[in-house]
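In listed order, ligands and their atoms are each counted from 1.
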Amino acid sequence: MDFEKLIEEQRKFFRGHSTKKLEFRRTQLRKLRDLLRTHENELYSAIEADFGKSKFDTYSTELSFIFREIDFYLKKLPAWIRPKKVRTGLSSLPGKSRIYYEPLGCCLIIGAWNYPYQLTLLPAIAALAAGNTVIIKPSELTPECAALMARMINDSFSKEYFHVVPGGAEETTELLKYHFDHVFFTGSPRVGRMIYEAAARHLTPVTLELGGKSPAIVCETANLEVAARRIVWGKFLNAGQTCIAPDYLLVHKKVHQRLLELMEEQILQFDYRSGSTHYPGIINRRHFDRLKALIDPGKIYRGHSQNIGKINTPDDTDYARMTGRINEQELFIAPTMLVNVEWEDPCMQEEIFGPILPVLTFEDLDKLLARLIALEKPLAAYLFSNNRQEQQKFTGQFSFGGGCINDTLMHISNTYLPFGGVGKSGMGHYHGRFGFETFSHAKSVLHKANWGEPSIKYPPYSKGKLKWIRRLLS
Ligand code: NAD
């Protein structure tokens, strides 16, 4: 495909100003919503074929986000695109100051595979709503989803407005040779760096939605039943292949054993077995082998003794038999908690991005926070505590992209909260109003009256003028 021509056509279309009209934008958003509704069953089938994700998970963690975002934008857009009046300083009176949110132009959105619809379409909704043209490059690791998105969108929208380019590293590298007005990337820090470098050649602004090691901390004061349920859910959803999943667990020594027991019960209750409809496989052989190498068999938490054999059925209905299990053919790795883990262990060096949960203990929250602060800033962090001081220390001292107190993952579901990383976990954010601002330029305009201007700002200057200007500008 001739990318240069595609980008040029998009830029030409953008310069025609139609994307700036409110009704045009709303019509396109409604069209996208109808398209997704019409193809809903195909969307479920494609993701199931790619990595066995269930209809329930696809709806609750992908499509519902997309439909909600479209509805939110349809409702809020008229107010957001209206020029915003702000105060005018004395030195510029008489005059009026306004902020105009104008679209940037032609935007490139590069997606990751783990939530293939949400991670490409949520930024696309924000970009289109903000009045831009969009090219999506979905991940090649979910080929069915990428092909379906290309078919759906490319058949329904004109190429010069909204287009999907399937492909992998080669296509992305080729696309990035050209000038875009914004590049929005979701993926690993390793590739994020390459994207940033390529965009820098054109001085193109970027949003980088990256990953990292996101901790979950459980204090002595926490409600342990709640913590166990919410951590197990957040960690093993999508078989741990979620950018904001708790990567590792830090538990107060006094409640460590009890929490492990409760989590073990929870894992059994949630029924994460091979072939179960709500527990997908690992995306590919490379990631499967990488994850397998992180499991130290001597450190697998096998369950507390009373539970072993409690459920008298074979195989994986028993926690002790299930944990650490892998199936090479199905690329299946059972939920696996690792204990007696040291900070130097291989599983603590890089983002895990799979169903392996290292568990470490601590005794002093202050010392723990000091240690965490010295590491790279994570994309997410979670604290389980019922003590206000502990909660304040967590939010006040520890820098992370976003997170929860007494829950996991759910901060992502609030349209009123920005979603994005900080430091090595990313730059920029989106969701709701924050996405609209990411894909807009806030243009400042001072509209000055032609009368009533004090002449003291103009030369020639004098001591008297200086006296007055000091008063006026202080
Ligand atoms: P990835 O970085 O391997 O791939 C992301 C995208 O980059 C894909 O579209 C891929 O085709 C492209 N790509 C890959 N190699 C490239 C290269 N050499 N040159 C140019 N483009 C290239 O990431 P992934 O495996 O798809 O996703 C996993 C990572 O993404 C994890 O680190 C995870 O934490 C992160 N992630 C972050 C978020 C977030 O919102 N912050 C969401 C999901 C995933």
For the residue pair Leu259 and Ala228, what are the closest heavy atoms and their distance? CD1-N, 4.0 Å
Atom 4 (O) of ligand 1: any protein heavy atom closer than 4.0 Å: no
Measure up the [X] and [Y] rings against each other and bin them: parallel (under 30°), tilted (30 to 60°), perpendicular (over 60°).
X: Phe353; Y: Trp113; value: perpendicular
X: His182; Y: Phe184; value: tilted
X: Phe434; Y: His429; value: perpendicular

Below the 3.5 angstrom mark, is there an N/O of Glu140, backbone or side chain, next to an N/O of ligand 1? yes
At what distance is the nearest protein heavy atom to [atom], and which residue and atom is it?
atom: atom 26 (O) of ligand 1; answer: Trp113 CD1, 3.0 Å
atom: atom 18 (N) of ligand 1; answer: Met194 SD, 3.5 Å
atom: atom 41 (N) of ligand 1; answer: Leu210 O, 2.7 Å
atom: atom 8 (C) of ligand 1; answer: Gly111 O, 3.1 Å
atom: atom 43 (C) of ligand 1; answer: Asn114 OD1, 3.2 Å
atom: atom 42 (C) of ligand 1; answer: Cys243 SG, 3.1 Å
atom: atom 22 (C) of ligand 1; answer: Val191 CG1, 3.4 Å
atom: atom 32 (O) of ligand 1; answer: Glu351 OE1, 2.7 Å

Cation-pi check, [X] to [Y]: give yes when NZ or CZ is under 6.0 Å from the six-membered ring centre and within 45° of the ring axis, no otherwise.
X: Arg68; Y: Phe65; result: yes
X: Lys177; Y: Phe3; result: no
X: Arg230; Y: Phe236; result: no

Quick one: which of Asn340, Asp345, Thr336 gives a side chain to side chain donor-acceptor pair (under 3.5 Å) with Lys299? Asp345
Does [X] come within less than 4.0 Å of ligand 1, judged by its heavy atoms?
X: Gly426; answer: no
X: Phe185; answer: yes
X: Gly421; answer: no

Distance under 4.0 Å to a non-hydrogen atom of [X]: what atoms of ligand 1 satisfy this?
X: Gly211; result: 34 (O)
X: Glu209; result: 37 (C), 38 (C), 39 (C), 40 (O), 41 (N)
X: Thr186; result: 5 (C), 37 (C), 38 (C), 39 (C), 40 (O), 42 (C), 43 (C)
X: Gly168; result: 11 (O)
X: Lys137; result: 8 (C), 9 (O), 10 (C), 11 (O)
X: Thr172; result: 20 (C), 21 (N)

Qualifying residue for side chain to side chain contact (heavy atoms under 4.5 Å, CB included) with Thr172, from Lys137, Met194, Glu140: Lys137
Evaluation steps, side-chain contact (heavy atoms from CB on, under 4.5 Å), between Asp271 and His278: CA-CA 9 Å; Asp271 197 17; His278 53 275; 4.1 Å; yes
Where on [X] is there a heavy atom closer than 4.0 Å to ligand 1, on the side chain, on the backbone, on both, or on neither?
X: Leu119; result: side chain
X: Ile110; result: side chain
X: Ile283; result: neither

Measure from [atom] to every heavy atom in [options] and give the option owning the shortest one.
atom: atom 30 (O) of ligand 1; options: Gly187, Ala169, Pro166, Ala112; answer: Gly187
atom: atom 29 (C) of ligand 1; options: Gly167, Ser188, Pro123, Ala198; answer: Ser188
atom: atom 28 (C) of ligand 1; options: Phe419, Tyr115, Phe353, Tyr430; answer: Phe353

Is it the case that the side chains of Glu390 and Ser385 hold a donor-acceptor pair, with the cut-off being a distance below 3.5 Å and no angle test? yes
Show, in sequence, the C-alpha distance, side-chain angles and deciding distance for Cys219 and Phe384, and conclude whether the side-chain contact (heavy atoms from CB on, under 4.5 Å) test is met. CA-CA 6 Å; Cys219 296; Phe384 288 84; over 6 Å; no
In a check of ring pair (Phe, Tyr, Trp, His ring centres under 6.0 Å) between Tyr73 and each of Trp80, Phe67, Phe436, which one passes? Trp80
Just by distance, do the side chain of Glu171 and the backbone of Gly168 share a donor-acceptor pair under 3.5 Å? yes
Determine whether Glu328 and Lys292 make a side-chain contact, defined as any pair of heavy atoms from C-beta on separated by less than 4.5 Å. yes
